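The structure appears right after this line, and notes come after that.
Because only heavy atoms are used, hydrogens play no part in the values below, and waters and symmetry mates are left out as well, while side chains stay in. Because the structure is predicted, anything quoted here is derived from the model rather than measured.
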Amino acid sequence: EKPANIRRRFEYAGGRVRVTDRRILLEPHAVNLDSRPVAIPIAEVARVDTYSQFGVIPTGVRLTLKDGSQQHFIVFGRKQVIDAISRGSH
């Protein structure tokens with residue numbers, strides 16, 4: 001489990017991200033405007049990219065799903081999260 005934020009329409013919802021062998025789970029804190037949990041099946045992930053917030057803070061993870069949609073996370077400890085996603089997709 002790592003501290004993380006997921007980009008929603010109007011906010012980055014803070015919470016914790018956990019990667020299992022089947023899913024990427026984000027459980028937002030209750031204080032967020034949108035506190036619904038997110039569960040992304042690893043089998044639906046087509047690509048994982050990294051990016052830097054504001055061009056300088058290396059914490060971004062972008063998931064491109066097989067349907068072409070994207071999920072953006074800010075993850076503290078992104079290498080461990082990316083490694084866990086890679087292990088789950090093989």
Side-chain angles (χ1 to χ4, degrees):
E1 251 184 48
K2 295 285 182 187
N5 300 305
I6 185 170
R7 188 170 74 186
R8 303 277 178 124
R9 289 182 76 175
F10 303 109
E11 71 172 333
Y12 273 92
R16 299 196 63 80
V17 68
R18 182 167 36 110
V19 180
T20 71
D21 61 339
R22 295 183 184 170
R23 292 182 185 85
I24 302 156
L25 304 165
L26 181 91
E27 304 224 2
H29 303 299
V31 297
N32 294 300
L33 293 175
D34 186 347
S35 60
R36 292 173 296 150
V38 174
I40 302 167
I42 288 182
E44 294 300 312
V45 176
R47 183 176 168 153
V48 180
D49 296 301
T50 62
Y51 65 96
S52 294
Q53 271 185 288
F54 311 112
V56 296
I57 305 170
T59 55
V61 176
R62 180 177 38 248
L63 303 177
T64 302
L65 306 183
K66 291 180 179 177
D67 67 3
S69 65
Q70 293 185 335
Q71 294 284 343
H72 295 82
F73 293 88
I74 302 300
V75 181
F76 303 94
R78 75 176 177 183
K79 182 177 181 341
Q80 293 95 339
V81 171
I82 291 168
D83 289 347
I85 292 168
S86 296
R87 281 193 304 273
S89 66
H90 290 92

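Residues satisfying the salt bridge (charged side-chain N to carboxylate O under 4.0 Å, His left out) criterion with R16, sequence neighbours excluded, are E1. Under the side-chain hydrogen bond (donor to acceptor under 3.5 Å, both in side chains) criterion, Q71 pairs with no residue at all, not counting sequence neighbours. Applying the side-chain contact (heavy atoms from CB on, under 4.5 Å) criterion to T20, with sequence neighbours excluded, gives R18, R22, R23, L25. For K66, the salt bridge (charged side-chain N to carboxylate O under 4.0 Å, His left out) criterion is met by no residue, not counting sequence neighbours. For H72, the side-chain contact (heavy atoms from CB on, under 4.5 Å) criterion is met by R7, Y51, R62, Q70, not counting sequence neighbours.
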Using distance only, find each side-chain donor-acceptor pair of residues 43-50 under 3.5 Å and give its atom names and separation, not counting sequence neighbours.
{"from": "R47", "atom 1": "NE", "to": "D49", "atom 2": "OD1", "distance (Å)": "2.9"}
{"from": "R47", "atom 1": "NE", "to": "D49", "atom 2": "OD2", "distance (Å)": "2.9"}
{"from": "R47", "atom 1": "NH2", "to": "D49", "atom 2": "OD1", "distance (Å)": "3.2"}

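The side chain to side chain contact (heavy atoms under 4.5 Å, CB included) with I6 is formed by just one residue from the set I24, I74, V17, V38; it is V38.
Listed by first and then second residue, the salt bridge (charged side-chain N to carboxylate O under 4.0 Å, His left out) pairs involving residues 52-61 amount to none (not counting sequence neighbours). Within the structure, no pair that satisfies the ring pair (Phe, Tyr, Trp, His ring centres under 6.0 Å) test touches residues 13-50, not counting sequence neighbours.
Note: the hydrophobic cluster containing I82 also contains L65 (ILVMFWY, side chain heavy atoms under 4.5 Å, direct or indirect links).
Contact detail for G68 and T64: the closest heavy-atom pair is O-CG2, 4.4 Å. Taking every heavy atom of both residues into account, A4 and V75 meet most closely at CB-CG2, 4.1 Å. Pairing each heavy atom of N5 with each of G14, the nearest pair is OD1-CA, 2.8 Å. Nearest heavy atom pair, residue A13 against residue P28, reads CB-CB, 4.3 Å.
In the hydrophobic clustering, where aliphatic and aromatic side chains (Ile, Leu, Val, Met, Phe, Trp, Tyr) are joined below 4.5 Å either directly or transitively, I57 groups with F54, V56.
Ion pair R87/D83 not flagged as a salt bridge, since none of the NZ, NE, NH1 or NH2 atoms sits closer than 4.0 Å to an Asp/Glu carboxylate oxygen.
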